[in-house]
Amino acid sequence: MTEPTPNPAQQQLIENTDGIYVVDAGAGTGKTFAITHRYAEIVDQPAVEPEDVLLVTFTRSAATEMKERIVDHSTYSLRELADGSIQTFHSHCFDILQEHGYRAPTHLGLDERITGSTRVVEDELVENELFREFIDQFRDTHPGYADVFRALSAPLELLDVVSELASKGVFPTTEGWYRDGETALDGDFDAFKSLFDDVNQPRNDGRKQSRLRSKLNRYGRNKTYLPEAPAKAELRGDGTKQVPARVTELVFDEDREGLKAFIHDVYIEYLDFALGRNYLTFGFLQLFAFVLLCEDDVLRERVAYDYVMVDEFQDTSEIQFKLALLLAGTDNICVVGDWKQSIYSFQYADVDNIREFEARLDRFTDDLDEERERIQFEVDEIERIELTENYRSTQTVLDFSEEALVVPATDRDDVDDSVLNDVVSLSSNATFDNTTIEGVHDPDEHEAVLSTIQDVVGNEEYAVEDEDGHQRTPTYGDIAILTRTRDFGRELLTVADEYDFPMAYDGGIELFRTDQAKLLLAWLRILEADADRGWAVVLEQAGYVLDEIDHILNTGDYPANIATFRDELDERAAVGAVARAVFDRYGFSGEYADVILHTIQSVHESSTLTRGDLIRFIERGIENGSTHDVFTSAGVDSVTVQTIHSAKGLEYPIVVLANMNSGKFPPNGGGSSVIQYSEPVGLRQRKQYATVAEHPHVYDNWRHDVVRHCLSRDNDEERRLLYVAITRAESHVLFTGGEDPNTFFEELPCPTREADPTVETVDRTATAQTQLPFSIVQPDGPTGHTPHTLMDSNVFANDGTETEAVEFRGRDFGSRIHDFAEAYALGEDVTPAIDDADDERHVKAFLDSLPGELHVEERAVLPLEVDDERVTISGIVDLVHETPTEIEIIDFKTDRTRRGQPEYRKQLSAYYHVLLECFPDKTVTTSLFYTAEGEREFIEPLSQDRLRDLVRSVSMREQERN
DNA sequence: TTAAATCCCGCCTCC
DNA sequence: CGGGATTTAA
């Protein structure tokens with residue numbers, strides 16, 4: 001986006017820095033732009049420094065982006081902001097605890113301390129593992145709770161309860177509950193009654209029974225209650241269309257002391273366990289920071305900020321709202337968000353934080369001021385600002401997105417149209433509006449998606465606008481496929497592979513179901529128990545056929561080289577070292593292996609992990625299909641596949657919303673915690689047995705079987721999800737539906753059509769050179785480049801003036817700093833204003849320090865012979881620096897915190913070998929230059945053999961997919 | 001014809 | 001475990 005001047009609404013937000021503001025910033029309204037300018041405006045006041053201003057973002061990457069953008073607008077440099085307070089709630093809490101948290105646990109009566117070595121467990125799998133360990137030990141040391149445990153089918157769900165309570169600000173102390181925590185657990189009868197009455201209204205003018213009564217038809221099905229439980233007939237009443245009113249009290253009044261005591265003990269002892277093990281979870285970071293700020297008035301006043309801004313406020317939880325208040329030293333509070341994009345309730349986000357901001361602010365302030373005044377300012381004057389000008393989408397897309405908020409999710413869904421009253425309509429500033437919105441269906445939805453894309457790419461009817469405002473036909477890179485589930489995305493990727501479609505998946509993979517993990521598991525089993533099923537996998541991998549494997553297993557006569565490797569492994573004590581050795585042997589060095597190693601390493605650090613533990617850990621990982629984030633790159637011009645959740649905040653010219661299928665969007669039900677906490681009702685216990693007939697346990701919580709029908713969730717969040725997906729689109733929105741498209745697909749007010757049934761394989765040889773940063777392209781492709789032909793075609797001597805070099809840049813590739821470096825290296829005029837920014841200064845100083853010639857934005861293709869097959873690795877680097885004796889490959893990165901070092905290394909290595917061949921008389925080196933730090937890091941290139949291994953492991957992955 | 005009961009099917013999103 | 005489809009009851 002070019003940097004425009006703020007529009008009036010943005011200007012209002014930027015200029016009004018004092019007082020309480022709630023900003024309704026709809027999708028694409030230049031929210032980041034406005035916030036960063038506002039931040040700059042605040043810190044550019046003489047009396048204000050960055051450390052006086054707290055800017056909370058929701059993700060780390062958002063924080064990084066904010067910082068980068070702020071540098072553009074203010075006199076501060078990235079380094080000066082680095083210590084400032086632009087970060088997530090979690091990292092901010094972490095910082096507070098690091099500095100002042102030593103005694104924080106004592107406020108809950110705990111003796112443990114938070115120290116500089118206390119770690120944060122981020123990996124969910126690791127956290128689960130630790131909790132499991134805790135709960136096993138808890139069970140042993142509390143025989144009194146044996147009955148409760150007997151009824152708990154999945155103890156891990158206790159962790160959910162603890163996390164949810166922590167997110168709502170309900171904490172235990174060694175003596176009882178922190179502050180008024182117990183009130184929340186007991187619930188609010190009046191609130192419950194109103195929910196109960198709502199679902200208990202007779203329908204059709206009294207001719208039809210209430211929803212609740214209807215639901216209770218299932219009461220007791222496949223269950224056996226304790227004798228004192230009421231009979232079904234008693235609950236449902238007779239001769240009336242309603243459940244009798246007295247049932248309200250009947251179900252609410254329950255002696256929950258035992259259950260509360262149980263949860264309390266689990267909760268407080270888990271806190272103690274975590275501290276004892278020297279770790280904190282995300283939730284506990286906030287818990288202890290909150291307690292600390294609540295208890296220590298002097299500290300609170302010291303760490304409080306003059307200005308507080310919270311971005312993505314619709315994603316905040318109750319405790320985060322309160323933390324923001326505690327961290328505000330004045331009433332200069334600004335929250336920015338869009339309730340229509342609140343889709344993280346499963347992460348305890350509470351949409352009412354923004355929708356009912358005023359009421360909640362009052363309530364939370366009163367709450368925090370209960371014992372003594374903690375919030376030292378008035379909260380009665382609240383200003384609302386609405387950003388209504390949209391810089392992303394066409395008006396047609398914007399109008400359509402509102403429809404999503406009221407579209408029925410099921411046939412009988414009675415949608416509350418009144419939400420539209422709360423929608424601040426947006427107006428587009430797009431010059432063109434040739435928007436197409438349509439549904440495409442085909443029995444095979446994967447193919448429907450591919451054929452739709454095929455239809456769109458290069459098609460004038462789906463023209464998109466380029467940066468200069470010109471219309472052009474779309475390319476693959478313009479398209480994002482947004483899905484609700486990761487599974488669908490990965491299935492799609494497999495099908496795309498068959499047609500050689502350029503498609504990149506961005507999200508989680510089932511890490512432990514990969515070949516890498518399976519082989520590691522096999523070796524661990526061999527080491528641990530000489531297990532046949534371990535050997536079978538290893539032997540099969542080594543190329544032995546079934547008969548041979550049988551024979552070897554029977555005789556125990558293992559091939560010498562494998563047996564030797566076994567002995568070598570056996571000598572390694574640490575499981576991490578075993579894993580590394582296994583991956584080295586098989587040449588597994590890709591993203592998957594890296595992430596596996598990293599995960600193992602983090603479990604290892606957090607507990608004393610034996611081989612047996614690791615085996616069980618991987619087995620559980622395989623069972624649960626637990627996922628870890630990876631990014632599979634497929635070149636610059638490729639379609640992106642993402643879940644809607646992960647696409648939030650992004651934008652694409654064309655959005656294909658897939659998998660609106662089988663009548664199941666949304667899917668059924670909500671979570672099914674064994675023990676459920678909910679605001680008005682309090683803590684409830686549910687114990688369920690799938691097959692009571694086989695296991696004649698007694699199900700004693702009949703109350704919950706009534707109550708849960710009063711807590712049914714509506715489909716609003718599903719509609720908001722749809723809204724988020726649509727508003728990602730700049731120009732066109734397409735829906736695909738499979739065999740049995742759901743209600744959303746059918747009810748959305750747009751035309752639908754049949755998909756073109758033929759999908760053609762894509763010829764990607766034409767784009768082979770645009771692979772980034774590392775991948776396999778057509779073997780022996782027609783490009784036929786050798787390093788020498790590249791030399792001949794003058795690629796290395798490219799002075800950057802050829803248009804080819806410029807048009808090659810992808811949408812996100814040319815960041816400010818690259819542009820700067822390029823312009824400077826080419827001796828162009830560089831505007832003086834930019835001299836103030838650290839990054840530019842660093843780059844400039846660096847470039848000045850280099851003697852010899854600079855070549856900007858180079859690319860190369862390295863052909864490799866791998867197993868008699870010729871493959872090509874291609875890479876692009878930002879800069880090549882050449883002197884008579886040396887040639888250096890340099891790539892710019894902003895800082896070291898970014899992920900992807902292994903990828904950079906591959907990319908640089910591919911290039912390294914090309915140059916090595918081209919310039920036999922020169923020394924070739926590879927380095928990364930961190931612009932924010934002004935430092936150059938030399939990178940050891942991978943050997944050609946290592947690259948070959950990489951190619952092999954990637955080929956294996958490809959085969960695995962097919 | 002309408003309401004109530006029962007049968008049938010598939011099970012997410014992630015800091 | 002809920003929603004839609006189907007069957008049964010009135």
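In what follows, chains carry the letters A, B, and so on, assigned in the order in which the sequence lines appear, proteins first and then strands, with residues in each chain numbered from 1.
- DNA chain B is contacted by both A/Gln347 and A/Arg213; A/Arg213 maps to the nucleotide lying nearer its 5′ end (nearest heavy atom per residue).
- Each of A/Ile354, A/Leu323, A/Asp315, A/Val335 was scored for a side chain to side chain contact (heavy atoms under 4.5 Å, CB included) with A/Val310, with one residue passing: A/Val335.
- Remark: A/Gln286 is not in phosphate contact with B/dC15, judged by side-chain N or O atoms under 4.0 Å from OP1 or OP2.
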Exercise for review: Show your working on side chain to side chain donor-acceptor pair (under 3.5 Å) between A/Tyr652 and A/Gln642 and close with a plain yes or no.
Suggested key: CA-CA 12 Å; A/Tyr652 299 94; A/Gln642 279 176 311; 2.8 Å; yes

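- Put simply, OH on A/Tyr344 is 8 Å from C1' on B/dC15, counting in whole angstrom units.
- Look at CZ on A/Phe488: it is 17 Å from C1' on B/dG10, rounded to the nearest Å.
- Proximity of a side-chain donor or acceptor of A/Gln320 to a complementary backbone N or O of A/Ser317 within less than 3.5 Å is detected.
- Across the protein-nucleic acid pair, A/His709 atom NE2 and C/dC1 atom C1' stand 9 Å apart, rounded to whole Å.
- Which of B/dC14, B/dC12, B/dT2 sits closest to the side chain of A/Arg484 comes down to B/dC12.
- We find that CD of A/Glu717 is positioned 11 Å from C1' of B/dC12, with the value rounded to whole Å.
- Looking at which nucleotide of DNA chain B each of A/His645 and A/Arg236 is closest to, the 5′-most match is held by A/Arg236.
- Atom CG of A/Leu722 is separated from atom P of B/dT13 by 17 Å (rounded to the nearest Å).
- Residue A/Lys215 places no side-chain N or O under 4.0 Å from the OP1 or OP2 atom of C/dC1.
- You'll find the ring centres of A/Phe89 and A/Phe290 outside the 6.0 Å limit.
- Spacing between atom CZ of A/Arg720 and atom C1' of B/dT13 amounts to 13 Å, rounded to whole angstrom units.
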Practice item. Begin from the C-alpha positions of A/Asp311 and A/Thr57 and carry the test side chain to side chain donor-acceptor pair (under 3.5 Å) through to its verdict. Key: CA-CA 5 Å; A/Asp311 189 20; A/Thr57 63; over 6 Å; no

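- Rounded to an integer number of Å, the gap from CD of A/Gln209 to P of B/dT2 is 17 Å.
- For A/Lys241, a side-chain nitrogen or oxygen approaches OP1 or OP2 of B/dA4 to under 4.0 Å.
- Contact check, A/Thr643 against B/dC14: a side-chain N or O comes under 4.0 Å of OP1 or OP2.
- Side-chain nitrogen and oxygen atoms of A/Asn217 include none within less than 4.0 Å of the OP1 or OP2 phosphate oxygen of B/dA4.
- Whole-Å rounding puts the A/Asp160 CG to B/dC12 P distance at 14 Å.
- If you check distances only, the side chain of A/Arg218 does reach the base of C/dG3 with a donor-acceptor pair under 3.5 Å.
- The side chain of A/Arg207 approaches B/dT2 more closely than any other nucleotide in the set B/dT13, B/dT2, B/dA5.
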